[in-house]
Amino acid sequence: MLTSFFKAFTNLFKKPQTIDYPVTSIEKDKEYRGLIEYGESECIYCLKCEKACPPGAILFVPVENPPKNEKNKKGLKYHYNPHLCIYCSECVRACPKPEEALWQSNKKPPIGIKDDKVNDGWFELEKLKKV
Amino acid sequence: MTTYSILIIAPLFFALAVLIGGLRVRNILTVVFVLVLAGASLINIFVETSTLQTSLSHSFHNLFILLDSLVLIYFLWQGIIKKHNFVTFFALLQMMLYAAVVFFSPSTTSSDILIDNISSIMYLVINIVGGTIIVYALGYIESEKFSRFKKNGFIALLFFFLSVMNFIVSTNNIEIFFLLFELTTLCSYILIAYRGDEISNENALKALWMNQIGGLAILIALIVSITQYDTVYFDMLISSINELYLLPIVFLAIAAFVKGASIPFDKWLLGAMVAPTPVSAILHSATMVKIAPYLMLKLAPAMSGFVSVTITLIGTFVFFSASLLALSKDYFKEILGLSTIALLALMMALAAIGTDEAITACLVLIVFHSISKALLFLQAGILEKSFNLKYVNDINGLINHSPLVVFFIVVGFASLTLPPFGAFVAKFMAIESIANEISNNPLYALALIFIALGSVFLTLLYFKVLTKLLAKDVSQEKEVHVHIPKLFTIPSFILLFLLIIGIYVIFEKEFLSSVQIFVPMILISVVPLLFATLLFKKAHRVKEYYCGEKEEVQLNMYYFDIPRNYKKVITAVAIVLIFILILGAML
Amino acid sequence: MFDFKPIRKKSPWILHYNAGSCNGCDIEILACLSPKYDIERFGVINTGNPKQSDVFLVTGPVTFRSRERLIELYTQMPEPKVVMAVGSCTCTGGVFRDMYNVEDGLDRYIPVDVYVPGCASSPELIIDGLVKALEILESKTKEIEKPFKLFRNETNKDGVVNRRNSALKVGEEIDDEEN
Amino acid sequence: MKKTINIPIGSQHIALLEPVRFKFECENEKIVGVGSDVGFVHRGIEKACTTKFKFDGIGYVVARVCGLCAITHSMTYTASIEKLIGGEITQKAKYLRILLLELDRVHSHMLCLSHTCENAGFEAMFMRIMGDREDIMEIQELITGNRVQFDYISIGGVNRDIDAAQAKNILAKLELLKHKVLGYIDEFTNNWSLSLKFKGIGVLTLDDAYRFNTIGPLARASGLQADVRNEIDYLPYDEVGFNMQTHSDGDINARNLVRLSELLNSIEMCNNILEGLPEGEIFTKLKGKPKGDTVVRFEAPRGELMYYVKGNGSAMLDRVRIKTPTFSSIPAFSHVFMGADYADAPAILASFDPCLSCTAK
Amino acid sequence: MIEIILIALAPIIGGLIYGLERVVRARMQNRKGPPILQPFYDMLKLIDKQAFIVNPYHSILGIMHFVTLWVVVAFVILGQNLLYVVFLHLLSALFLIIAGFSVKSIYSHIGANRELQAMIAYEPILIMTAVGFYMINGSFDISIIRESSPLLLSLPLVFLAFLMIIPIKLKKSPFDATEAHQEIVGGVEIEYSGIFFEFLYMSKWLEYVFIYLLLILFAGNSQILGAVLSVGVFLLVNLVDNSTARIKMKHLIKIVLGIGLTLSMINLIGLSYV
Amino acid sequence: MKKIEVSIESVREKIKEFYDYKKWHFLTLNGVALEDDMLEIQWIFSEYAVKNEIVVYYAHVNCDEVIPSVVDIIPSAIISQREIVDMFGVNIEGSEKGLYLDEDSQQRPLRGCSI
Ligand code: SF4
Ligand code: SF4
Ligand code: SF4
Ligand code: SF4
Ligand code: SF4
Ligand code: SF4
Ligand code: SF4
Ligand code: SF4
């Protein structure tokens with residue numbers, strides 16, 4: 001008990017351990033598993049990432065004005081939901097062109113609010129995919 | 001005729017009057033009689049303020065001797081036919097000693113009747129509170145399965161009891177005191193046995209033999225007093241008492257302990273619970289047990305030094321232990337009973353201290369305890385009759401069914417513990433007077449601790465009971481109000497009114513300043529209501545938090561298990577203390 | 001009248017409910033209380049009592065058995081309040097999306113104000129989310145926000161909303177008439 | 001009329017991180033009956049593993065059975081698949097796996113200890129341990145890129161390597177932590193108020209420990225010599241200095257002390273691994289599809305974790321059965337609560353270190 | 001006049017003490033902690049919240065608790081009778097207890113019950129403290145006690161006993177079982193919300209003022225000693241809070257009553273011989 | 001891993017004979033859905049302090065067959081039995097439903113057999 005007692009007392013005059021986030025930002029390690037990023041121009045539309053992703057956070061959905069890329073024969077567009085992703089990196093490991101077409105950055109994912117429709121919006125996409 | 005004789009004699013006639021007659025007549029008569037008695041006691045205190053002394057004629061004395069012999073013979077007879085050895089033995093012993101007392105009766109005389117302030121206050125308590133209980137008993141007894149005569153007899157007995165009590169606080173003659181003491185024993189014996197079943201009989205006999213010990217103690221005191229001081233009168237005994245020889249006082253004090261059901265003589269009062277509730281109410285509040293502090297008050301001027309300290313210690317110790325023991329009880333009346341025992345012991349302790357302040361505290365406590373206890377016992381009766389409840393644990397959320405009864409119970413408990421009620425003032429003054437004494441004798445510090453602990457235990461006890469009453473359902477739909485007969489509630493309102501008058505008296509007598517009484521009262525009652533009316537409109541009603549579950553949980557009373565051997569230890573300590581008291585007085 | 005709104009964000013008391021998460025996000029919420037992150041800086045107290053909370057932190061994809069508890073807690077929170085879905089599985093179902101005993105995220109049941117992604121959401125993310133949530137809290141009104149499912153609007157005679165029976169058995173129709 | 005009081009804990013309660021519900025039947029505050037409901041977190045992972053996910057992705061899914069021993073789940077699952085497919089992984093990968101398993105144990109035990117203190121009303125100790133635990137979290141983040149869900153182990157090896165600079169950094173932090181742990185041991189044994197709260201409370205006797213098949217620190221605190229690390233050979237635990245830690249009292253205090261000494265042992269193992277890390281590849285590509293069935297066990301922080309995996313030669317498995325540590329201990333829990341004070345219940349509960357999230361899956 | 005101002009400001013002073021304490025506690029736990037005005041933010045926020053009631057009695061009783069406590073503090077400041085103050089304080093505690101029992105919520109009941117039991121522990125010691133003052137000054141009046149020379153010297157053991165009950169009243173480890181967040185989620189306060197909880201929250205502040213006012217009485221007329229005492233006790237209480245776990249009710253009663261009453265009795269008996 | 005097949009009728013006796021609670025650690029009860037509406041029920045044990053010693057008793061049962069309870073032999077089996085009841089919808093003596101699944105959840109999710 002006395003150790004705690006004195007520890008509490010000395011702590012009183014020490015600088016606290018607290019990092020004043022978000023005033024002071026915390027530097028993320030470059031190896032941190034953050035957002036999955038996509039290089040549209042390098043993608044070969046092999047859809048390996050889509051298949052590998054456990055929760056299905058990557059969807060290639062047919063759209064009317066597909067991105068211009070000769071490999072994109074079906075007219076697909078890449079969609080990624082950071083609120084569904086579990087940041088396991090499996091897609092990157094599956095991708096034949098990692099670091100170019102698909103890579104994991106150390107960026108923090110964005111906070112969503114109601115208007116972002118992170119869930120409902122994705123349902124729409126999933127419906128498109130099924131059709 | 002002076003008021004005291006009205007108070008003593010009139011109830012006898014009232015008793016005869018209510019015996020005959022049907023329900024209506026009896027009820028009306030009773031109410032009138034009670035009003036008469038209450039009026040008389042008020043007149044006595046406001047009109048006849050001086051001390052009054054008279055002697056009774058010789059023929060009265062012979063009548064009393066006759067009555068006494070009859071009572072003792074009756075006890076003996078009861079002991080023999082009920083085959084109760086204690087009762088028989090004590091009755092025989094009493095007869096022998098009584099014969100000796102009558103035989104040696106000294107020639108010196110003093111006034112037989114002596115009415116002082118204390119008596120006047122006792123009149124008030126006995127007649128007003130006691131009368132209220134009789135009114136209540138009218139309704140109560142009708143719901144019992146007795147014959148008409150037995151029902152009327154019940155009321156009559158209660159009146160008779162009042163008469164005896166009025167007499168006992170008027171007398172100065174210890175012989176007459178003994179007779180009346182035995183008469184109260186007789187009354188309680190009959191009332192406790194009133195239901196006539198086995199437990200009633202057994203408990204009545206228990207009450208009988210224990211009270212006989214009290215009678216014996218008085219007789220011993222009488223004999224010692226005759227041989228040593230050559231008197232049978234309180235005033236002479238007290239004025240001539242020798243500091244070194246307090247034996248008569250000690251034995252009278254023991255008689256008080258017995259009547260006050262102090263531990264170790266507590267069994268009889270708890271046994272008395274089997275009687276119809278008005279009996280408990282009247283025993284606990286206005287009559288019977290109040291003889292104990294009254295007697296102590298009478299003896300107070302004669303006590304000093306060792307006797308005073310020891311009695312204070314015994315009193316406070318009993319106060320503490322009875323409160324402690326009550327914590328483990330579940331039977332509502334038993335809880336009330338133990339708290340009576342505790343408070344009586346406190347009164348006796350205060351009387352034994354004997355300073356002016358302590359005596360005032362004692363009187364205040366006597367008065368307010370009567371009112372509060374009567375109020376509570378009436379509620380106990382209502383619970384039994386209207387809700388079929390005896391055990392606190394069964395009273396689930398009574399507030400949903402009868403807010404009024406709960407209100408009375410809360411007020412009853414509050415008036416025994418909290419400012420600005422009288423019992424609180426008494427406790428307050430008790431602490432102050434004991435604090436004053438510590439410098440005289442360090443043992444009072446122990447008494448102080450007993451009081452401090454005891455009063456907290458009592459509070460704990462009362463609020464523990466409230467646990468069960470108060471849990472109010474969220475939804476109003478579930479509330480089912482139970483109808484309670486008017487005759488049950490009116491007496492409670494009267495007692496409530498008395499409590500409020502009490503607060504005024506406390507203010508008037510300056511026990512507490514007006515700042516202390518009224519400012520908190522007003523603030524505490526008005527401000528929250530203001531807020532409430534302002535805020536409730538906007539508030540939403542929600543269910544209680546059950547960790548997100550919707551299932552209701554079961555709530556029950558907390559009880560505090562007191563290990564069995566505590567009770568034994570406490571009794572042993574009390575007995576040892578009493579022996580120390582006797583031995584100390586003899587040496 | 002004195003404007004209380006700026007004060008709201010200085011004293012967010014939180015209620016945490018685990019609606020079927022893997023504990024990953026829950027321990028990160030606990031880590032937020034630890035000295036390194038110390039969200040008491042923002043005045044956060046973890047009250048554990050819905051009636052005294054402003055921010056509802058939910059983790060997990062809402063399993064069948066949690067549903068009624070979730071709604072019960074939600075309705076026991078006084079307005080204004082914000083709901084934070086912490087973790088990917090709470091936002092959208094995450095890895096549990098489409099499993100048979102869960103139903104794709106918290107916002108199927110109650111209105112969610114802030115979605116904090118991550119699996120597990122790191123304390124920094126949770127703090128970011130909290131900051132965002134407090135901004136939203138400031139602009140909220142005291143209107144009652146209804147849960148989407150398991151909810152029947154109960155109005156007393158005097159127009160006071162009765163929250164007692166707001167969570168109903170599954171399958172009971174939602175009364176849409178008032179909307 | 002019954003005189004008992006029902007006191008619920010849960011499903012939402014401040015002393016719980018997870019939804020679980022106990023209903024204590026109490027006389028005053030003494031517990032005389034216990035009812036429990038542990039099924040709040042059932043999500044259907046076992047079913048999803050045979051219908052929704054292919055076998056090579058399941059490692060990441062089962063990690064989400066539970067965030068605290070996520071790594072053990074991936075490990076156990078991966079080991080089962082490796083057993084069914086056949087093929088060896090490199091020694092270095094094995095060592096790195098142990099390293100992460102033990103780091104996870106350290107952070108999990110620290111969480112449990114701090115949570116026990118918190119539930120015993122010792123907030124300062126909670127803060128102290130949680131503060132120190134951040135060091136471990138930083139190490140984990142450094143190695144795996146995430147604080148909780150490591151997703152570090154994959155079929156055939158591990159996903160990331162450690163370089164020398166990192167190793168040095170980690171060693172230094174572990175050294176610091178070791179001193180802190182020694183400080184906790186001192187505090188847990190000598191604090192007067194903690195001994196009132198922990199000593200002789202929530203006792204599980206050795207015989208009961210056997211009878212209820214308890215596992216993990218709970219069993220070891222009662223003197224049952226059972227540690228899966230001692231009963232398997234897929235990972236070279238013997239080489240890195242594993243020692244079984246037991247205690248005989250079986251009360252909360254014993255559980256705490258077992259956890260504390262396991263902390264020291266784990267730190268020691270991590271040191272050994274980092275100092276003697278063999279050279280080589282961290283990943284071996286394993287070819288083939290799982291066929292047949294197998295039972296694999298590992299020691300998670302809370303005790304034995306068991307997977308039964310049955311494959312049919314295709315990418316979809318036939319059956320994945322997960323038996324989690326807390327699941328096995330549940331019958332023992334109820335037993336220990338009987339006769340305790342309600343005031344002790346949260347601390348007893350925390351001292352079991354229950355994890356319902358994997359119990360119900 | 002100064003008294004009136006003090007009375008009016010009492011909750012604010014209490015709030016400041018509480019705020020300071022939260023900061024100090026955070027610092028003792030090696031973290032930054034909330035701003036010192038945090039309690040006031042909480043207070044203002046609570047006013048703004050939607051309020052729920054479970055039943056009307058419950059809410060009113062909570063307000064009564066607050067008002068009574070304020071009256072108690074006012075009486076202490078005005079120099080009224082100490083014994084009366086102690087009992088009035090008991091009354092305020094009882095309001096809270098009745099409130100706790102007036103809802104059908106199990107945690108509220110356990111909390112109220114524990115509050116009752118805690119009363120067993122602190123009430124006798126408060127009475128003994130008052131009697132100790134009385135024996136020296138011959139009066140229970142606080143104004144007279146304030147005039148006398150420092151009482152700490154003649155009542156050292158009573159002071160120690162008084163120290164033991166401070167954590168009970170301020171809900172600090174090791175004697176905070178009445179509130180016990182992890183067991184009973186705050187006990188009696190659990191069913192309050194919004195502005196009704198506000199009153200309970202603020203009565204906590206008043207409790208601080210009450211305890212520190214009583215504490216200063218030990219310093220008699222010496223203001224320096226009073227200041228030293230309050231700062232010292234503030235630190236001591238917080239240090240103990242941060243180095244102990246919460247002990248159980250039964251231990252609490254045994255320890256506090258056993259040691260506290262013995263100490264104060266020895267002190268009182270000693271006084272009667274000096 | 002040793003697998004020992006037993007008939008469902010004799011499983012209680014076999015386990016009673018075999019199970020020494022100080023030597024064998026009962027891991028769990030497991031079910032596997034087989035073809036033709038059959039189930040394999042497994043009782044899995046491991047030996048204390050011996051490497052890789054796992055013994056599995058198993059029995060093949062029909063979906064509607066009553067499975068004897070082993071709770072009196074192994075008290076801790078109670079919870080795994082309840083789990084199997086929930087997940088496969090089988091009938092184990094004395095085990096109730098509802099450990100994990102609510103009334104409106106998908107029932108017996110792991111059972112392969114139709115209906
Ligand atoms: S990181 Fe994992 S979850 Fe996220 S997109 Fe890639 S595979 Fe899917
Ligand atoms: S795996 Fe890589 S290349 Fe293939 S579709 Fe995905 S991002 Fe494009
Ligand atoms: S988001 Fe991921 S880590 Fe968080 S609770 Fe869900 S599965 Fe667990
Ligand atoms: S109240 Fe205690 S248990 Fe709950 S989150 Fe805070 S520190 Fe943890
Ligand atoms: S697993 Fe441990 S830390 Fe997590 S909620 Fe349970 S007791 Fe608390
Ligand atoms: S046992 Fe607990 S910590 Fe480990 S994975 Fe399961 S829930 Fe998480
Ligand atoms: S005991 Fe269960 S929940 Fe805890 S780590 Fe192990 S598997 Fe996960
Ligand atoms: S044993 Fe413990 S963890 Fe298991 S169900 Fe019972 S209470 Fe829950």
Side-chain angles (χ1 to χ4, degrees), chain B residues 397 399 410 414 417-419 424 427-428 431-432 434-436 438-442 445-446 448-449 451-453 455-457 459-460 463-464 466-467 469-474 512 515-516 519-520 523-525 527-529 531-532 535-536 538-546 552-553 555 558, chain E residues 50-61 63-64 67-68 70-71 75 80-81 83-84 87-88 90-91 94-95 97-98 101-109 112-113 116-117 119-120 123-124 127-128 130-131 134-135 140 185 190-191 193-196 257 261 265 268-269 271-273:
Chain B
I399 196 165
V410 173
T417 35
L418 298 178
F424 160 78
K427 192 163 75 177
F428 187 87
I431 291 174
E432 200 166 331
I434 290 193
N436 266 328
I438 293 180
S439 41
N440 297 337
N441 191 336
L446 202 56
L448 183 70
I449 287 189
I451 291 200
L453 280 175
S455 62
V456 178
F457 282 142
T459 318
L460 186 64
F463 285 86
K464 171 193 111 157
L466 292 185
T467 329
L469 307 178
L470 286 177
K472 183 154 172 59
D473 288 338
V474 183
L512 292 175
V515 180
Q516 282 169 339
V519 174
L523 282 176
I524 291 167
S525 51
V527 176
L529 282 176
F531 270 111
L535 297 175
F536 278 1
K538 283 191 291 180
H540 286 194
R541 292 186 159 245
V542 286
K543 241 176 62 175
E544 299 88 352
Y545 168 76
Y546 287 133
E552 295 225 338
V553 294
L555 297 173
Y558 293 91
Chain E
Q50 172 71 267
F52 290 164
I53 50 178
V54 176
N55 69 49
Y57 306 108
H58 177 245
S59 313
I60 293 179
L61 282 166
I63 305 176
M64 281 163 93
V67 174
T68 318
W70 203 340
V71 173
F75 275 18
Q80 284 282 342
N81 187 316
L83 197 55
Y84 187 77
F87 282 113
L88 205 59
L90 175 74
L91 176 68
L94 286 175
F95 279 132
I97 289 162
I98 304 181
F101 283 135
S102 73
V103 283
K104 277 192 145 179
S105 160
I106 182 70
Y107 294 125
S108 181
H109 275 227
N113 184 50
L116 262 181
Q117 289 177 312
M119 232 169 57
I120 303 184
E123 195 61 28
I127 294 177
M128 294 304 268
V131 171
Y134 180 83
M135 285 183 65
F140 280 115
V185 206
I190 184 167
E191 296 299 337
S193 62
I195 191 147
F196 299 110
L257 272 193
L261 278 187
M265 194 169 87
L268 292 194
I269 292 178
L271 276 185
S272 69
Y273 280 113

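Only this structure's heavy atoms are used, side chains among them; waters, hydrogens and symmetry mates stay out. Quick caveat, the model's predicted, so the values are computed rather than measured. Chain identifiers are assigned alphabetically (A, B, ...) following the order of the sequence lines, protein sequences preceding nucleic acid strands; residue numbering begins at 1 within each chain.
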Nearest 0.5 Å please: distance from the OH atom of E:Y134 over to the CG atom of E:L83.
10.0 Å
So, for E:F101 and E:N113, which heavy atoms are closest and what is the spacing to 0.1 Å?
CZ-N, 3.9 Å
Ignoring hydrogens, what is the shortest heavy-atom contact between E:T68 and E:L88? Give both atom names and the distance.
CG2-O, 3.9 Å
What part of E:I127 gets within 4.5 angstrom of chain B, counting heavy atoms only: side chain, backbone, both, or neither?
side chain
Considering only heavy atoms from C-beta outward, does the side chain of B:L453 approach that of B:V456 to under 4.5 Å?
no
What part of E:M119 gets closer than 4.5 Å to chain B, counting heavy atoms only: side chain, backbone, both or neither?
both
Max heavy-atom pair count under 4.5 Å with chain B, selected residue of E:L61, E:L90, E:L94, E:I97
E:L94
Looking at every non-hydrogen atom in both residues, tell me the closest pair between B:S455 and B:K427 and how far apart they are.
CB-CD, 3.4 Å
Name the region of B:L446, side chain, backbone, both or neither, that has any atom closer than 4.5 Å to a heavy atom of chain E.
both
Given a strict heavy-atom distance threshold of 4.5 Å, which part of E:I98 is in contact with chain B: side chain, backbone, both, or neither?
both
